[in-house]
Structure formats: structure tokens, C-alpha cells
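Working notes, beginning with the structure itself.
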Amino acid sequence: MNLIDITLAIEEVAIEAGKYIMSESERFDISTTELKGSNDFVTHVDRGAEKLIVSKLGRLIPSAGFLVEEKTSEASGERYCWVVDPLDGTTNFIHG
């Protein structure tokens with residue numbers, strides 16, 4: 001496993017997810033926001049970015065598992081586990 005290649009691939013995934021989040025922010029409709037708990041919101045942007053990241057990272061290291069905030073994956077890995085929270089600060093995001 002070449003860590004330099006993995007790091008470069010992760011950077012590409014992060015950039016792609018960031019572009020997705022930015023493009024969605026331009027046309028975001030606050031009325032589509034869901035409430036998970038008291039002052040705990042989730043949007044289609046949270047879920048979409050997480051799915052994108054899980055998909056790409058899952059191809060990068062297929063044996064790795066995921067710990068994800070929006071439950072878009074239940075894959076577990078014995079040796080490796082990705083921790084993914086692509087949109088940290090949903091409350092700020094929904095308010096622009």
C-alpha cells in the first residue's frame with residue numbers, strides 16, 4: 001500500500017466532495033432540511049457528499065470499513081476504518 005498514492009487519491013475525493021457541497025449550496029432550499037434530534041439537522045447535501053466519499057474511498061481500499069454520521073454505509077473493516085463527516089457544521093450551512 002503506497003501511502004503517497006492513497007493521500008493523493010483522498011485529496012481528489014475531498015476536492016470532489018467540496019465542489020459538490022459548494023454547488024448544492026448555491027441552490028439549497030432550507031425547507032428540505034430534516035431534524036435528527038434537538039438542534040441536530042441533516043440535509044440531502046450531507047447525505048449526498050457522504051455517499052460520494054464512501055463510494056470513492058470504498059474503491060480505494062475495498063477492505064476498509066466506515067464510521068459515518070449519516071449512516072450511508074454499514075461496511076466494517078478489520079484493519080482499516082474511514083471516519084467520514086463531510087459537512088461538519090450543517091446548521092451554519094443551512095443558514096448560508
Side-chain angles (χ1 to χ4, degrees):
M1 184 179 307
N2 184 320
L3 294 181
I4 292 172
D5 291 342
I6 290 173
T7 301
L8 293 172
I10 293 167
E11 182 180 22
E12 289 177 18
V13 171
I15 289 169
E16 186 176 348
K19 286 179 180 178
Y20 167 78
I21 291 168
M22 290 298 294
S23 71
E24 290 298 313
S25 72
E26 294 170 3
R27 59 181 170 269
F28 181 72
D29 180 359
I30 195 168
S31 71
T32 63
T33 303
E34 297 174 36
L35 188 61
K36 290 192 304 187
S38 179
N39 295 317
D40 190 10
F41 302 100
V42 64
T43 69
H44 74 277
V45 181
D46 292 276
R47 290 189 183 113
E50 189 173 283
K51 285 180 186 178
L52 182 150
I53 292 168
V54 166
S55 171
K56 303 276 183 171
L57 295 182
R59 284 186 239 138
L60 186 59
I61 304 177
S63 63
F66 288 91
L67 177 58
V68 290
E69 184 177 15
E70 307 308 337
K71 313 294 185 246
T72 60
S73 175
E74 294 182 7
S76 61
E78 290 203 17
R79 186 163 184 185
Y80 302 107
C81 182
W82 298 105
V83 179
V84 179
D85 182 5
L87 182 52
D88 187 30
T90 300
T91 300
N92 289 329
F93 175 82
I94 64 177
H95 292 291

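Everything quoted here is computed from the prediction, not taken from an experiment.
Side-chain heavy atoms closer than 4.5 Å link hydrophobic residues (I, L, V, M, F, W, Y) into clusters, and following such links, even through other members, never connects Leu67 to Leu52. Taken together through direct or relayed side-chain contacts under 4.5 Å among Ile, Leu, Val, Met, Phe, Trp and Tyr, Leu8 and Leu57 form parts of separate hydrophobic clusters. Val42 and Val68 end up in different hydrophobic clusters when Ile, Leu, Val, Met, Phe, Trp and Tyr side chains are linked at under 4.5 Å.
Side-chain N or O atoms of Glu50 include one that pairs as donor or acceptor with a backbone N or O of Glu70 at under 3.5 Å. Between the Thr7 side chain and the Leu3 main chain, a donor and an acceptor come within less than 3.5 Å of each other.
Note: Phe41 CZ to Leu87 CG = 13.0 Å, rounded to the nearest 0.5 Å. Tyr80 OH to Leu60 CG: the interatomic distance, rounded to the nearest 0.5 Å, is 11.5 Å. Summarising the geometry, atom NZ belonging to Lys71 is positioned 11.0 Å from atom CZ belonging to Arg47; distances are rounded to the nearest 0.5 Å.
Applying the side chain to side chain donor-acceptor pair (under 3.5 Å) rule to Ser31 yields the partners Asp29; only residues at least two apart in sequence or on another chain are considered.
Residue pairs meeting the salt bridge (Lys or Arg N to Asp or Glu O under 4.0 Å) criterion with at least one member in residues 1-20, sequence neighbours excluded, are Glu16-Lys56. Applying the side-chain hydrogen bond (donor to acceptor under 3.5 Å, both in side chains) rule to pairs touching residues 85-96 yields Asp46-Thr90, sequence neighbours excluded.
With a 6.0 Å radius and a threshold of 12 heavy atoms from other residues, nucleotides or ligands, Ile15 has its CD1 atom above the threshold.
Shown are Thr72, Val84, Ile10; of these, the side-chain contact (heavy atoms from CB on, under 4.5 Å) with Ile53 is made only by Val84.
Within the 4.5 Å cutoff, the side chain of Trp82 has heavy atoms near those of the Ile61 side chain. Using a 4.5 Å heavy-atom cutoff, the side chains of Arg59 and Ser55 are in contact.
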